[in-house]
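The structure follows.
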Amino acid sequence: PFGSISALLGSIVRPHLKSLPHICQSTDQALKILGSLIRPEKVKFIKIDIKDFYMCGSSDVLAHAGFNHLPLAPQDACTNACKYILDHQYVIFKKTNKIYRVTEGAGMGLQMAGDLADSLFNELAEAPYATVHSIQREHGILAYAIQGRHFDCGSQKKRGHQSRNSYCN
């Protein structure tokens, strides 16, 4: 029943995501960014796929991340609509025909789920860490780009077995 409003809310989030320079709109754009780098011989490219991130976050956290870039009046309306939808998600377990309320995250069937997950990941990891030039320099990261909900980094520094990138967990 929330398909149309979910699609509308996703269309409101998407332009903000597209305006972020590290979010590539196509594989060609990501390859162009990575291809333009002057790379030392021993550069490592890292590709990480974050599985099931759309399931992370309470309705408050996801809704805030999706719409905090808007002016206050539409931000409140969009955030409240989004929270209402997220708080009223139900799934049917086909084997038992039982209905369960979804209490965390945005279900894959919601058209805005990917956009909310991308917004939250940007708020939690990219804006404070991955796209900060001083952090990139400190860790030898030459580029950071996202395409298709995974990201690529080029790094000059060798890493130990323990990742220092907590935002990759």
Side-chain angles (χ1 to χ4, degrees), residues 1-27 29-30 46-136 139 141 144-153 162-169:
F2 297 124
S4 296
I5 190 72
S6 178
L8 174 65
L9 292 171
S11 73
I12 293 169
V13 174
R14 215 163 293 119
H16 173 67
L17 292 172
K18 286 183 176 184
S19 74
L20 301 172
H22 64 278
I23 297 182
C24 301
Q25 303 307 309
S26 67
T27 301
Q29 184 184 5
I46 302 166
K47 180 178 177 180
I48 299 172
D49 188 359
I50 301 172
K51 187 176 182 288
D52 299 334
F53 191 74
Y54 61 91
M55 295 302 293
C56 296
S58 68
S59 59
D60 288 335
V61 168
L62 283 164
H64 173 76
F67 302 102
N68 64 5
H69 65 281
L70 294 175
L72 193 55
Q75 182 185 114
D76 285 346
C78 291
T79 299
N80 290 335
C82 181
K83 285 194 308 192
Y84 183 84
I85 292 170
L86 294 174
D87 286 339
H88 291 85
Q89 298 179 91
Y90 295 89
V91 294
I92 298 174
F93 189 59
K94 290 184 181 181
K95 289 185 180 183
T96 62
N97 221 21
K98 287 188 176 184
I99 299 173
Y100 296 92
R101 184 171 167 263
V102 177
T103 60
E104 192 81 8
M108 285 180 63
L110 287 176
Q111 292 181 351
M112 65 181 172
D115 297 312
L116 292 176
D118 287 349
S119 295
L120 182 58
F121 191 71
N122 181 64
E123 186 175 285
L124 295 177
E126 294 167 343
Y129 302 108
T131 60
V132 176
H133 294 296
S134 61
I135 292 173
Q136 289 177 340
H139 295 284
I141 296 172
Y144 175 88
I146 285 197
Q147 195 279 317
R149 293 192 176 84
H150 66 264
F151 61 89
D152 300 287
C153 324
Q162 185 178 6
S163 174
R164 290 172 53 190
N165 298 328
S166 60
Y167 54 86
C168 296
N169 293 336

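None of the values given here were measured: they were computed from a predicted structure.
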Exercise. Do L17 and S119 come close enough that some side-chain heavy atom pair is under 4.5 Å?
Worked result: yes
Problem set entry | I85 CD1 to L62 CG distance, which is reported to the nearest 0.5 Å | 12.5 Å
Problem set entry | Whether Q89 side chain and E104 backbone form a donor-acceptor pair below 3.5 Å | no
Exercise. With sequence neighbours left out, what residues match D87 under side-chain hydrogen bond (donor to acceptor under 3.5 Å, both in side chains)?
Worked result: S59
Seminar exercise, completed: For K98, the side-chain contact (heavy atoms from CB on, under 4.5 Å) test, sequence neighbours excluded, returns T96, Y100
For residues 1-13, tabulate all N or O donor-acceptor pairs below 3.5 Å that involve a side-chain atom, not counting sequence neighbours.
unit_1, atom_1, unit_2, atom_2, d
S6, OG, Q111, N, 3.1
S6, OG, M112, N, 3.1
S11, OG, L8, O, 2.6

Exercise. Side chain of Q136, backbone of A130: donor and acceptor closer than 3.5 Å?
Worked result: yes
For this session: Could you give me the CA-CA distance, side-chain angles and deciding distance for E123 and H64, then say whether side chain to side chain contact (heavy atoms under 4.5 Å, CB included) is met?
Result: CA-CA 10 Å; E123 186 175 285; H64 173 76; 3.6 Å; yes
Exercise. Only one of V102, T103, L116 forms a side-chain contact (heavy atoms from CB on, under 4.5 Å) with L86, so which one is it?
Worked result: L116
Problem set entry | Counterpart residues, side-chain hydrogen bond (donor to acceptor under 3.5 Å, both in side chains), relative to T79 (two or more places apart) | none
For this session: For D60, enumerate each residue passing the side-chain hydrogen bond (donor to acceptor under 3.5 Å, both in side chains) test, keeping only those at least two apart in sequence or located in another chain.
Result: K83
Exercise. Which pairs with one or both residues in residues 3-15 pass salt bridge (charged side-chain N to carboxylate O under 4.0 Å, His left out), sequence neighbours excluded?
Worked result: R14-D115
Seminar exercise, completed: Across all chains, not counting sequence neighbours, the ring-ring contact (aromatic ring centres under 6.0 Å, His included) partners of H16 are H69
For this session: Report yes if some heavy atom in the side chain of I99 is under 4.5 Å from a heavy atom in the side chain of V91; otherwise report no.
Result: no
For this session: Could you list the residues that satisfy side-chain hydrogen bond (donor to acceptor under 3.5 Å, both in side chains) with Q75, not counting sequence neighbours?
Result: none
Exercise. Is there a donor-acceptor contact under 3.5 Å from the side chain of N80 to the main chain of D76?
Worked result: yes
